[in-house]
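The structure appears below as structure tokens.
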Amino acid sequence: MQLIGPGGDGEDPCLHGAQGEAQVVADAGAEPLDLEVAIAVGEDGQQVEIGTPGLGGLHAHAGERHPLRIGHLTGNGLALDQGREAQVVRGVRRRHRPYDTPTVPSGPPPGILEISMPAPLVTRVAPSPTGDPHVGTAYMALFNYCLAKTTGGRFILRVEDTDRTRYQEDSERQITESLTWLGLPYDEGPDVGGPNGPYRQSERTDIYRAHVQELVDGEKAYRCFCTAERLQEMRHAQRARKMPPGYDGLCRGLLPEEIEKRLADGVPYVVRLRVPKDRKVGFEDALRGKVEIDGKEIDDQVLLKSDGYPTYHLANVVDDHMMEVNEVVRAEEWITSTPKHVLLYEAFGWTMPTFRHMPLLRNKDKSKISKRKNPTSLLWYKDHGYLPEALVNFLALMGYSGPDDNEIFSLEQMLADFDTSRMSTSGPVFDMDKLGWLNGEYIRMDSEEALADRLIAHWAYRASIGAEPNPEGDGPLYDWIFANGGFASETVKAFILKTMPLMQTRIKTLEEYAPLGRCFFLDDVAGFSAEDITPKKRDLDGVKAVLKATHDALAELTIFDTASIETCLRGLVEPLEWKAREVFQVARVAVTGSKISPPLFESMELIGRDETLARLDAALALEA
RNA sequence: GCCCCUAUCGUCCAGCCUGGUCCAGGACAUCGGCCUUUCAAGCCGAAAACACGGGUUCAAAUCCCGUUGGGGGUACCA
């Protein structure tokens, strides 16, 4: 087996999830390779496990090509240098759990595979800490993460805090916490460090200044002393004459002595990119193909602001290069500024990364997603009881599709068969309805135990951040929790668990539990009207008769469980000469306080005999 | 205005590269039915799209050109 691809000096050899292609070049005998997992051994004797996407088996005949991926490393890891020879020594029948280390049985080697791996991609997400952590950041992080992880590369978080006027203190922490919440860990970042830090641009100003100097010395950039007022007037005039806006190049040809004079006088200046106006600048977008813009359309972009901070364009290019980012995956809004970046790479003489511009998430009206028209804060989704797995799954669905019709998949599954050719380019409308449905699907997929834990953790979280109470039900729920020992209480957990069969299919978000389940936690469900409790074509006197009969019948029960309650109430229907649904509806409103509730008999059992009877009794006092 | 990106059901995706299997497939939402003590969930079903106009071809959702629509950019914001 030949392993072609990543590796090299001092590199982390971990290729978990890396994808490639295998070709059987020689069988041990006439039999095809038939393995669920192959253990490959490198020349240095280290082992690597190889499997097929989705962990299915590898059944290969000589000459066939198959997609595959590296499962995980055994031993100390296998450095996968270009052209390194390795051999499949065993096919291992996998009978144990997916990530157990398989044992290597004795016997002849089953065959030889030739394996090619794509180059490992180093990607990054580079949010700006200017407010709440944005759903678009999560969207970009997801795809950057997938690209890095399926090629054995690295995923970096870089904080682009060069705009000091919009900087917000808490923002960076919220971003890192949100990425953690979503399960999108980064290999390098401001809080975890890494070999090419710092990962916060405000701490890299010396680096940028040095690079700007290099550009100025090489005449690829120039100092511009124009005032904000002059630029304003210039743009005004351009607009009046219907000219395309852009810097007019006044400072482009400043003589050295003029520059020296102003510098000596301390006149503030910016540094601008000297854009060649006589040619086109283009690049190959991995998703969209060739993009080309005429130099005349490209403004002499400011690279260094007068406050000494770099602009996005400069910092971005310098950092991507120094952090070894080789695939830039970012939003579509950057397409038109990419030629400026191309010019910078050229000016520095650096290797260009691959650019891949993802579509922009949209509001219902198709405009770029904004907080005026959509919840865009990741914190909002967390606060309102959306599950991170569901959000990630939903974001994956925006502009990406799996290999089949299935739309519900975990990050791990997505990684297992990730394929860039299934990424699309048109801007998806962010559809809260579909997110809600997906979230409900994930809630239903949880075990009752897991969901109970999530619910309690969610309430504890909301309490910890002092979230606005949900007027429909949080109050009673929280009172009840504190009365029963708090969030860590076994009593609380045990009761919530009991409600799971009634609640799990009825909530789409964790937040919906409290209002729907309020009848379990309320001391007094009063608040409904005579009209609410009275079925059509019946009157309040009739209702009270039913209430009384229900109360008395239930009081007779020796065992107060769902089955007994149901038998008891159904027995009432005939003599009362009411329909079953009418009788049940009266009991439902009286006991739960609402026309809509969890299943009646089960709820009564959970509420208990005394409280049920008391509520039935209380409803008797109702007046028209 | 100019430049760039983009175009399949209301929405998200599949099909397009490698024309015929597509009177276009799946999902959400909608509507109807079944189940049912309410509400959900579940199951079954319906309605719903190739933006338009020219080509190319025996044949176009698929290839080419144009138009129109949508979006983004046009800052000492990112």
Side-chain angles (χ1 to χ4, degrees), chain A residues 126-130 160-163 165-166 224 226-228 231 235 239 242-247 268-272 285 287-289 291-294 296-299 301-313 315-316 330-339 357 359-360 362 364-368 394 397-408 421-422 424-438 440-441 444 502-508 512 516 566 569-570 573 579-585 587-589 592 594-601:
Chain A
S128 185
T130 53
E160 309 223 328
D161 54 349
T162 55
D163 185 345
T165 59
R166 292 201 304 156
C224 168
C226 293
T227 61
L231 295 175
R235 272 190 280 270
R239 182 180 300 211
K242 305 212 164 163
M243 301 278 293
Y247 184 62
Y269 65 92
V270 300
V271 175
R272 289 180 184 273
D285 189 284
L287 225 43
R288 300 159 198 264
V291 177
E292 207 174 49
I293 296 182
D294 199 306
K296 285 192 278 294
E297 305 290 340
I298 306 171
D299 203 4
Q301 186 63 50
V302 171
L303 301 177
L304 192 71
K305 303 181 238 182
S306 53
D307 65 1
Y309 281 90
T311 60
Y312 170 87
H313 306 283
N316 193 264
R330 71 215 325 182
E332 191 183 357
E333 57 189 332
W334 295 108
I335 290 183
T336 41
S337 38
T338 304
H357 291 96
L360 237 21
R362 312 282 187 96
K364 260 201 166 58
D365 64 5
K366 306 277 185 128
S367 57
K368 171 163 102 172
F394 177 70
L397 256 18
M398 304 275 89
Y400 180 76
S401 57
D404 50 35
D405 281 340
N406 178 36
E407 294 189 320
I408 301 177
S421 72
R422 290 197 305 266
S424 54
T425 50
S426 56
V429 172
F430 195 93
D431 181 2
M432 290 297 288
D433 280 338
K434 188 150 187 174
L435 207 213
W437 162 77
L438 240 195
E441 289 287 323
R444 274 169 255 133
L502 317 196
M503 303 297 285
Q504 191 162 17
T505 60
R506 291 180 168 76
I507 55 175
K508 288 204 300 290
E512 288 173 359
L516 214 218
E566 176 160 9
L569 292 198
R570 286 197 190 280
V573 170
K579 289 179 190 160
R581 61 192 310 127
E582 293 176 318
V583 173
F584 297 155
Q585 192 67 355
R588 178 187 312 284
V589 174
T592 71
S594 169
K595 285 198 271 193
I596 295 171
S597 80
L600 182 60
F601 315 125

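Sequence lines set the chain letters: A, B, ... in the order given, protein chains first and strands last, and positions in each chain run from 1.
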| request: Flag the pair A:Glu441 and A:Lys508 as a salt bridge only when some basic side-chain nitrogen lies within less than 4.0 angstrom of an acidic carboxylate oxygen. | output: no
| query | Is a salt bridge present between A:Asp294 and A:Lys296, judged by a nitrogen-to-oxygen distance below 4.0 Å? | reply | yes
Heavy-atom donor-acceptor pair, [X] side-chain to [N] base, under 3.5 Å:
| X | N | value |
| --- | --- | --- |
| A:Arg288 | B:rC5 | no |
| A:Glu333 | B:rG71 | no |
| A:Thr505 | B:rA40 | yes |

Can you tell me how far [atom2] of [N] sits from [atom1] of [X], to the nearest Å?
| X | N | atom1 | atom2 | value |
| --- | --- | --- | --- | --- |
| A:Phe584 | B:rC39 | CZ | P | 14 Å |
| A:Tyr312 | B:rU74 | OH | C1' | 16 Å |
| A:Glu407 | B:rA29 | CD | P | 11 Å |
| A:Glu332 | B:rU74 | CD | C1' | 15 Å |
| A:Asp307 | B:rC76 | CG | P | 12 Å |
| A:Asp299 | B:rC4 | CG | P | 16 Å |
| A:Asp285 | B:rG72 | CG | P | 18 Å |
| A:Leu303 | B:rA75 | CG | C1' | 14 Å |

| said: Closer than 3.5 angstrom, by distance alone: can the side chain of A:Asp285 be matched with the main-chain N or O of A:His357 as a donor-acceptor pair? | reply: yes
Respond yes when some side-chain nitrogen or oxygen of [X] is under 4.0 Å from OP1 or OP2 of [N], and no when none is.
| X | N | value |
| --- | --- | --- |
| A:Arg239 | B:rU74 | no |
| A:Ser401 | B:rA14 | yes |
| A:Arg235 | B:rC76 | yes |
| A:Lys508 | B:rA41 | no |
| A:Arg362 | B:rU6 | no |
| A:Ser426 | B:rC5 | no |
| A:Lys368 | B:rU6 | no |
| A:Lys366 | B:rU11 | yes |
| A:Arg570 | B:rU37 | yes |

Just checking [X]: base, sugar-phosphate only, or nothing, at a heavy-atom cut-off of under 4.0 Å?
| X | result |
| --- | --- |
| A:Met398 | sugar-phosphate |
| A:Ser306 | base |
| A:Thr425 | sugar-phosphate |
| A:Glu441 | sugar-phosphate |
| A:Leu600 | base |
| A:Arg330 | nothing |
| A:Pro428 | sugar-phosphate |
| A:Thr130 | nothing |
| A:Pro359 | nothing |
| A:Val270 | base |
| A:Phe394 | nothing |
| A:Arg581 | sugar-phosphate |

Minimum-distance nucleotide (side-chain atoms of [X] versus [options]):
| X | options | result |
| --- | --- | --- |
| A:Trp437 | B:rA27, B:rU37, B:rC4 | B:rA27 |
| A:Thr336 | B:rA78, B:rG1, B:rG72 | B:rG72 |
| A:Ser367 | B:rG72, B:rG1, B:rA41 | B:rG72 |
| A:Ser424 | B:rC12, B:rC13, B:rC4 | B:rC13 |
| A:Arg506 | B:rA40, B:rA78, B:rG1 | B:rA40 |
| A:Asp433 | B:rC28, B:rU6, B:rU37 | B:rC28 |
| A:Ile596 | B:rG72, B:rC39, B:rG1 | B:rC39 |
| A:Leu231 | B:rC76, B:rG1, B:rU38 | B:rC76 |

Determine the interatomic distance between [atom1] on [N] and the same-named atom on [M]; round to the nearest Å.
| N | M | atom1 | value |
| --- | --- | --- | --- |
| B:rC50 | B:rU8 | C1' | 4 Å |
| B:rC5 | B:rA46 | C1' | 37 Å |
| B:rA61 | B:rG20 | C1' | 13 Å |
| B:rU6 | B:rA14 | P | 15 Å |
| B:rG70 | B:rC9 | P | 15 Å |
| B:rC43 | B:rC52 | P | 35 Å |

| request: May I ask you to check whether A:Phe394 and A:Trp437 place their ring centres under 6.0 Å from each other? | output: no
Determine which nucleotide pairs with [N], using a 3.5 Å limit on both distances of a Watson-Crick or G-U wobble pair.
| N | result |
| --- | --- |
| B:rA51 | B:rU67 |
| B:rG42 | B:rC34 |
| B:rC77 | none |
| B:rA60 | none |

| query | Would you call A:Lys366 and A:Leu360 a side-chain contact if the rule is heavy atoms closer than 4.5 Å? | reply | no
| Student check: side-chain heavy atoms of A:Pro359 and A:Ser424 closer than 4.5 Å | no
| note | By nearest-heavy-atom nucleotide on RNA chain B, the more 5' of A:Ser128 and A:Gly399 is A:Gly399
| Toward the 5' end of RNA chain B, which comes first, A:Phe430 or A:Glu292, by nearest nucleotide? | A:Glu292
| Cation-pi between A:Arg362 and A:Phe430: NZ/CZ under 6.0 Å from ring centre and within 45° of the ring axis? | no
| With a cut-off of 6.0 Å (strictly less than), are more than 12 heavy atoms of other residues, nucleotides or ligands near CE of A:Met432? | yes
| Side-chain donor-acceptor pair under 3.5 Å between A:Arg288 and A:Thr425, yes or no? | no
| said: Taking side-chain contact (heavy atoms from CB on, under 4.5 Å) as the criterion, tell me which of A:Thr311, A:Val270, A:Val271 meets it with A:Leu304. | reply: A:Val271
